[in-house]
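I have placed the structure first, in the form of structure tokens, so that the comments after it can refer back to it.
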Amino acid sequence: MSSVKESARAAASVAGKSGDTILSVNDIVVEFPRGGKSGFRAINGVSFDLRQGETLGLVGESGSGKSMTALSLLSIVPLPGRIIQGSISLRGERIDNLPVNELRKIRGKRIGMVFQDPMTGLNPVRSIGGQLTESVLRHQNVTKAEAEEIAFKALDDVGIPSARDRLKGYPHELSGGLRQRVMIALALINHPDVIIADEATTSLDATIQAQILDVFRVRLSKATLIMITHDLGVAAEICDRIAVMYAGRIVELGTISEVLTNPKHPYTVGLLSAVPRFDVRRPKLVPIPGTPPTAEDIVRGCPFAPRCRHAQSKCEERPPLEIVDGRQVACWFPRGSNAA
Amino acid sequence: MTDLAKDAKPVAAATPPGATVRASTAAADVQTIPVWQNISNVLGRRLIELLVLLVFVSSTLFFLLRFTGDPAAVLAGETGDQEQLELIRKQYGLDKPLPVQYGIFLIKMVQLDFGKSFANAQDALGLVFERLPTSFTLVLIAFTANLCTSIPMGAWLGSRPDKTGRKLASTFVFVAQGIPGYITGLLLIQLFAVELRWLPSIGNQGPQSWIMPAITLASFQAPQVIRVISANVAEAMREDYIRTARANGAGFSTLLWRHALKNAMLGATALIGAQVSFLLGGSVITEVIFAWPGLGRLLVTSVQTLDFPVVQAAVFMIAVFVYLAIMITDFVFLLIDPRLRRQRA
């Protein structure tokens with residue numbers, strides 16, 4: 001299966017497209033104000049670049065800021081949270097400080113988003129066709145009939161059987177897997193530059209999850225994609241690069257093979273030792289001790305230090321995201337390198 | 001695309017067991033049947049229910065009325081002697097044993113014959129039908145006024161419930177809900193009829209006289225609907241499908257009117273249906289306050305004079321209309337919520 005992806009990538013690099021930066025996120029901070037005290041920073045200085053045709057995985061445990069990063073890209077962070085610092089650029093134009101009317105032209109048109117729960121993500125009392133054409137008519141200058149044709153093609157493209165009849169149907173008539181295909185069709189319908197999939201396979205059972213992953217692998221092989229997941233297996237299958245998030249920060253960012261086979265950040269190391277594997281004989285799973293900092297905790301220095309076996313007094317200072325062995329790591333003492 | 005076309009078929013087949021199987025076979029060959037067919041299915045069942053209801057209501061009323069007093073005594077007046085009473089009882093069939101009276105009543109009811117009014121010897125059902133247009137005028141105006149204020153108001157309050165202005169408005173609505181209709185009615189009469197002399201205070205004298213009774217009725221029904229709609233809109237606006245629509249560039253008004261409100265109306269429909277039933281049942285107090293020649297006032301006067309046939313006919317018609325209102329509410333549910341429509345395999 002991954003050969004499809006690789007050949008697509010090869011084709012892309014022959015065309016000379018690969019490597020252009022599409023999306024550039026620079027040091028964004030999302031803060032939720034708290035009465036009196038300093039605000040809670042759900043994202044605390046996240047930066048990454050997304051290149052044409054690549055798939056970037058954002059992994060981390062619940063509350064690490066993966067979804068918040070995705071929402072901030074569209075400026076739909078739930079109130080009262082807001083982006084208080086940093087910049088987001090799409091093809092070189094800043095999109096984080098646009099007025100709402102301009103932002104709406106980006107949402108669903110230049111950045112498409114697939115959400116986690118297909119059971120609740122579609123409006124139960126509106127027809128599938130109605131919800132798809134609404135987005136088409138908003139962003140494309142077409143007639144209603146043309147929009148319906150576009151909606152039909154979008155459903156057909158993501159492998160929904162008898163797509164023509166489905167347009168008149170309602171979400172409750174579809175299974176979870178088919179609903180998630182509808183959600184993907186909705187995200188793709190206006191041919192966005194970037195697609196964000198936020199835990200798009202998490203709520204599905206294993207066989208359906210595999211089918212949806214196939215949709216991403218086959219249909220979206222050339223797409224520029226951000227795949228948010230807490231499942232390292234999913235990330236390994238789909239992604240070119242991976243960013244590991246912890247407590248609202250990226251702690252390690254590199255190519256998928258580098259990060260998974262030779263993790264540098266102690267958190268990544270811990271995360272990988274906590275994943276069950278069937279190909280390697282291992283005495284037992286090793287959990288990471290402790291819990292991530294909550295909104296109440298005041299984090300100084302490295303947020304992982306309280307749980308880190310290798311923490312030293314230097315870890316009371318915040319480690320910058322620096323290049324170590326060809327990938328970025330935010331750790332004073334990266335594992336397996338000379339510095340350690 | 002070609003890969004996907006091949007991959008498309010097995011999708012339904014490869015679904016694991018359990019609930020998803022039903023859903024994905026549904027994807028293959030189940031079609032939602034048209035709304036009208038759902039409605040006609042429901043209709044048949046409903047008609048039988050209506051017949052049972054009418055017999056039950058009329059029978060209960062028949063016996064309850066017999067306990068309230070002796071209509072012959074009312075008709076004969078204070079001067080009536082025993083002989084006159086007997087004569088009157090014989091004339092209206094009140095001398096027969098109760099079970100016989102009941103039997104006769106049931107047989108005549110099936111023919112929609114409720115007898116003649118004790119008071120003026122007119123056909124009882126005819127008297128009721130005379131009052132229907134006046135009553136319906138009021139019901140329709142009050143209902144329209146109710147919806148026209150409560151839907152926009154509820155949507156407005158529910159869309160941003162945390163804003164200061166809307167918090168104040170919500171408090172006002174909450175208080176308004178507690179004001180009984182007769183207080184509003186009397187205040188309106190005092191202000192617009194007595195002080196300002198803009199509107200007539202009694203009777204049905206054309207559109208001008210519709211205003212105050214309609215406002216009175218709407219004023220205590222609308223706050224209930226506003227509160228339900230605003231709570232439902234507020235909840236709907238937090239749903240995932242709103243986030244999805246927002247992520248696709250939907251503006252605030254689209255989110256509110258096209259996505260949230262339809263879901264919010266699901267909860268409000270039951271309440272609105274119950275309110276219409278209440279209005280049809282004779283908005284008795286309001287009709288009395290405004291001396292409105294409607295069904296409610298007819299019912300009150302007939303009960304006071306023990307005019308059994310008119311009471312029976314009026315309650316019978318009210319039961320029919322209340323039932324119709326409930327049925328229409330059910331159909332509105334089918335129209336709004338596709339999940340309630342039955343599917344054909």
Side-chain angles (χ1 to χ4, degrees), chain A residues 4 71 74 76 78 100-101 103-109 111-113 115-117 119-127 131 134-135 138-139 156-162 165-166 168-178 181 183 186-187 189-190 196 205-208 211 214-215 218-219, chain B residues 1-32 34 160 162 236 238-252 254-255 258-266 335-341 343:
Chain A
V4 178
L71 296 175
L74 287 173
I76 53 172
V100 172
N101 282 345
L103 277 171
R104 284 178 47 204
K105 292 179 189 159
I106 289 170
R107 296 173 186 156
K109 167 66 180 157
I111 302 179
M113 187 143 175
F115 289 99
Q116 172 169 358
D117 194 346
M119 307 311 274
T120 56
L122 294 167
N123 194 330
V125 299
R126 298 197 51 212
S127 71
Q131 297 184 56
E134 182 188 301
S135 182
R138 182 179 302 128
H139 294 300
D156 198 50
D157 263 9
V158 293
I160 289 177
S162 52
D165 299 334
R166 288 286 141 243
K168 283 186 235 89
Y170 290 87
H172 73 278
E173 297 160 8
L174 302 181
S175 64
L178 286 175
R181 286 175 196 253
M183 295 285 277
L186 185 58
I189 202 161
N190 294 310
I196 307 166
D205 51 42
T207 46
I208 306 296
Q211 290 172 7
D214 268 357
V215 175
V218 179
R219 173 69 176 79
Chain B
M1 170 57 219
T2 42
D3 293 31
L4 278 158
K6 270 186 276 166
D7 145 288
K9 263 290 165 223
V11 169
T15 325
T20 36
V21 166
R22 205 162 9 120
S24 68
T25 43
D29 43 41
V30 172
Q31 291 263 304
T32 309
R160 292 265 171 82
D162 48 336
R238 288 192 294 268
E239 293 284 348
D240 284 354
Y241 55 77
I242 294 291
R243 191 182 58 182
T244 308
R246 215 173 148 223
N248 279 293
F252 188 73
T254 309
L255 294 178
R258 275 169 107 179
H259 288 273
L261 189 62
K262 207 174 169 192
N263 283 281
M265 287 311 290
L266 285 177
L335 282 176
I336 299 181
D337 193 346
R339 287 166 295 187
L340 299 174
R341 292 174 211 158
Q343 296 183 331

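All values below come from the heavy atoms of this structure, side chains included, with hydrogens, waters and symmetry mates left out. Naming convention: chains lettered A, B, ... in sequence-line order (proteins, then strands); numbering from 1 in each chain.
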Notebook entry, point to check: Can you say whether Leu186(A) sits under 4.5 Å from chain B via the side chain, the backbone, both, or neither, judging by heavy atoms?
Noted result: both
Check: Side chain, backbone, both or neither: which part of Met183(A) has a non-hydrogen atom closer than 4.5 Å to chain B?
Finding: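 For Met183(A), side-chain heavy atoms alone lie under 4.5 Å from chain B.
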Notebook entry, point to check: If you tally heavy-atom pairs under 4.5 Å against chain A, which of Lys262(B), Glu239(B), His259(B), Arg238(B) wins?
Noted result: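 When all of Lys262(B), Glu239(B), His259(B), Arg238(B) are compared, His259(B) has the most.
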Under 3.5 Å donor-acceptor, [X] side chain and [Y] backbone:
X         : Y         : answer
Arg107(A) : Gly249(B) : no
Arg138(A) : Asn248(B) : yes
His172(A) : Leu340(B) : no

Item checked: Which atom of Pro124(A) lies closest to which atom of Pro338(B), heavy atoms considered -> O-CG, 3.4 Å
Between [Y] and [X], is there a side-chain heavy-atom distance shorter than 4.5 Å?
X         : Y         : result
Tyr170(A) : Arg339(B) : no
Phe115(A) : Thr244(B) : yes
Leu74(A)  : Arg246(B) : no
Val125(A) : Met265(B) : no

Notebook entry, point to check: Considering only heavy atoms, which portion of Ala250(B) lies under 4.5 Å from any heavy atom of chain A: side chain, backbone, both, or neither?
Noted result: both
Next item on the list: Let me know if Ile242(B) has heavy atoms under 4.5 Å from chain A in its side chain, its backbone, both or neither.
Entry: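 Contact with chain A: none, neither part.
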Next item on the list: Flag the one option from Gln116(A), Glu134(A), His139(A) with the top tally of heavy-atom pairs under 4.5 Å to chain B.
Entry: Glu134(A)
Next item on the list: Quick one: pull up CG in Asp240(B) and CG in Asn123(A) and give me the separation to the nearest 0.5 Å.
Entry: 11.5 Å
